[in-house]
There are 2 protein chains.
Amino acid sequence: MHFKNHVTRLSQYKAALQRLDNNNVERTHAETISTYIGIPATQIRKDFSLFGIRGNKRGGYNVKDLLEELKNILGLNRDIPVILLGYGNLGKALTRYQGFHEGCVRIVAAFDPGVGVLSSQPPIPVYPPASIPKFLKNNPVKHAILAVPNEVAQAIFDELYENGVRGFINFSTVSLNVPEDAYVNNVDLELELETVIYYTKESKNKV
Amino acid sequence: MHFKNHVTRLSQYKAALQRLDNNNVERTHAETISTYIGIPATQIRKDFSLFGIRGNKRGGYNVKDLLEELKNILGLNRDIPVILLGYGNLGKALTRYQGFHEGCVRIVAAFDPGVGVLSSQPPIPVYPPASIPKFLKNNPVKHAILAVPNEVAQAIFDELYENGVRGFINFSTVSLNVPEDAYVNNVDLELELETVIYYTKESKNKV
DNA sequence: TAGGTAATGTGATATTTATCACAATATACT
DNA sequence: AGTATATTGTGATAAATATCACATTACCTA
């Protein structure tokens, strides 16, 4: 069992619960969450069951408690420092990405060879790539976002792995060589776009 | 059948084939592609079989032909114009995203309310949102990338849909209300990151 | 406090997706 | 030409995932 889908859904549930909590809603139900995010209520309950989340047989779920449980399961019950590799346009976008600000994920530093010629004042410290090992020795960060050119992706990955980073988002389009105990989530934007194109073709392929 | 996974894989195959072609490789095999992208050869052949792609029983596949077939299936056998909504950091990153340059997807214009105060010369024309209907009347683009703040995502979506756009990538974190004949691919970067965090937790939840 | 009901929780079932095993066949070799 | 072999192509099987049906239970009302 790899749980990829389950984990994705838990994350969606968490986001929904966060919004409910922001709106000061105190109790909710599987049906409510369902209409919120478009996942069948029975699927939601099954997922909760699988991960040991219990509600109240008639009162549904307490929003704050459920949110807390989901965060615990996802490992989001504490601040997660993340480093960013590559401070180009994508890197800049990520440092300002509103999705991260609500959660407990925080980009603490970026590394980019162009550090000397940055035009504007970055919102996080940006260091030259040479200082990666030293930084990681002082700040044992476990997660990294790879927003670097394809040519250097594997080399940067290896260096980060050497220095203890184990979880990665990879925005480059090379398929990295990854040791057993690391986890890489590839986000290929072209691929995402091509999926859209396939599903909006006038004439789908008959299968 | 929804084929989401199949289509994603086809897209990966296409990318691999493109690289093989760039390196002037003439023939290839399921096994080769497999080691390239880490998908079992038998899965690859099954996918090909499902979409009617045939190889040569001993010579494998002709790279150029296979690439062409994959492009046909994915609807990538012609230039695909795409518009970009929101020319913030993410928008800028996307216009320069190297993944798109190889393929046939081309971002032809962006729309952003801050169009008047752009610092540098953008590589594509940037128009105010008010001109969306007129633009789409003159340029019947079918695909859009939503890189706008959550608050306006649904409104922008509705306007685009009204004007004929049917395929979307949505980078905002709201779950859009989508008519039957449109397709939205939600790319939630926080969710992607949370997946990574889950899989790199020291103590996984026992299930 | 007893009955009605809205919700959960989960075993059973169906569907989807991936893997396996091997038959078929095109090429290479002798 | 005939045999060996690499590789495809696919039915059968297994595994994963989602849905259904309904038993259970906590709350509400009278």
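Here the structure is a predicted model, which means the values were calculated and not measured. The chains referred to below are lettered A, B, ... by the order of the sequence lines, with proteins before strands, and numbering in each begins at 1.
Rounded to an integer number of Å, the gap from CD of Gln43(A) to C1' of dT13(C) is 15 Å. In this structure, the CZ atom of Arg54(A) is 11 Å from the C1' atom of dT24(D), given to the nearest Å. The nearest whole Å value for the distance from the CZ atom in Phe3(B) to the P atom in dT17(C) is 8 Å. Rounded to a whole Å, the CG atom of Leu66(A) is 16 Å from the P atom of dA7(C). Distance His29(B) NE2 to dA28(C) P: 11 Å, rounded to the nearest Å. Atom-to-atom, NE2 of His6(B) to P of dT16(C) comes out at 11 Å; the value is rounded to the nearest Å. Between Asp47(A) atom CG and dT8(C) atom P the separation is 14 Å, expressed in whole Å. When the C1' atom of dA7(C) is taken as reference, atom CD1 of Ile53(A) falls 17 Å away, rounded to whole Å.
Ring planes of His6(A) and Phe3(A): perpendicular class, angle over 60° (limits at 30 and 60°). Between Tyr127(A) and Phe135(A), the ring planes are tilted. Angles from 30° to 60° get that label. Using a 30° and 60° split on the angle between ring planes, Phe168(B) and Phe157(B) fall in the tilted class, from 30° to 60°.
A close approach under 4.0 Å does occur between a side-chain nitrogen or oxygen of Asn56(A) and OP1 or OP2 of dC27(D). OP1 or OP2 of dT10(C) has not a single side-chain nitrogen or oxygen of Arg45(A) nearer than 4.0 Å. Contact annotation: Tyr61(A) side-chain N/O to dA26(D) OP1/OP2 distance is not under 4.0 Å.
Using a 4.0 Å heavy-atom criterion, one finds that Gly59(B) contacts no nucleic acid atom at all. Contact annotation for Arg27(A): no contact, since no heavy-atom pair falls under 4.0 Å across all strands. At the heavy-atom level, Ala30(A) lies under 4.0 Å from the strands shown only through sugar-phosphate atoms. Using a 4.0 Å heavy-atom cutoff across all strands shown, Gly55(A) reaches sugar-phosphate atoms only and no base atom. When heavy atoms are screened at a 4.0 angstrom cut-off, Phe48(A) is found touching no nucleic acid atom at all.
Of the candidates dA18(C), dA12(C), dT17(D), dA12(C) carries the atom nearest the Lys46(A) side chain, counting heavy atoms from C-beta on. The side chain of Pro40(B) approaches dT19(C) more closely than any other nucleotide in the set dT19(C), dT17(C), dA28(C). Checking dT10(D), dG9(C), dT19(D) against every side-chain atom of Thr42(B), the shortest atom distance belongs to dT10(D). In the set dA26(C), dA26(D), dA18(C), the nucleotide with an atom closest to the side chain of Asn5(B) is dA18(C).
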With side chain to side chain contact (heavy atoms under 4.5 Å, CB included) as the test, would you mind laying out the steps for Leu189(B) and Leu94(A) before giving the verdict?
CA-CA 9 Å; Leu189(B) 297 176; Leu94(A) 291 168; 3.6 Å; yes

Verdict with supporting geometry, Thr200(A) and Lys142(B), side chain to side chain contact (heavy atoms under 4.5 Å, CB included)
CA-CA 8 Å; Thr200(A) 48; Lys142(B) 291 277 168 280; 6.0 Å; no

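For Arg9(A) and Gly60(B), each mapped to the nucleotide of DNA chain D holding its nearest heavy atom, the one lying further toward the 5' end belongs to Gly60(B).
For Glu26(B) and Lys64(B), the salt-bridge test fails: no basic side-chain N is under 4.0 Å from an acidic carboxylate O.
Judged by atom type and distance alone, Arg58(A) reaches the base of dT5(C) through a side-chain donor-acceptor pair under 3.5 Å. Within 3.5 Å, no donor on the side chain of Lys57(A) pairs with an acceptor on the base of dT25(D), nor the reverse.
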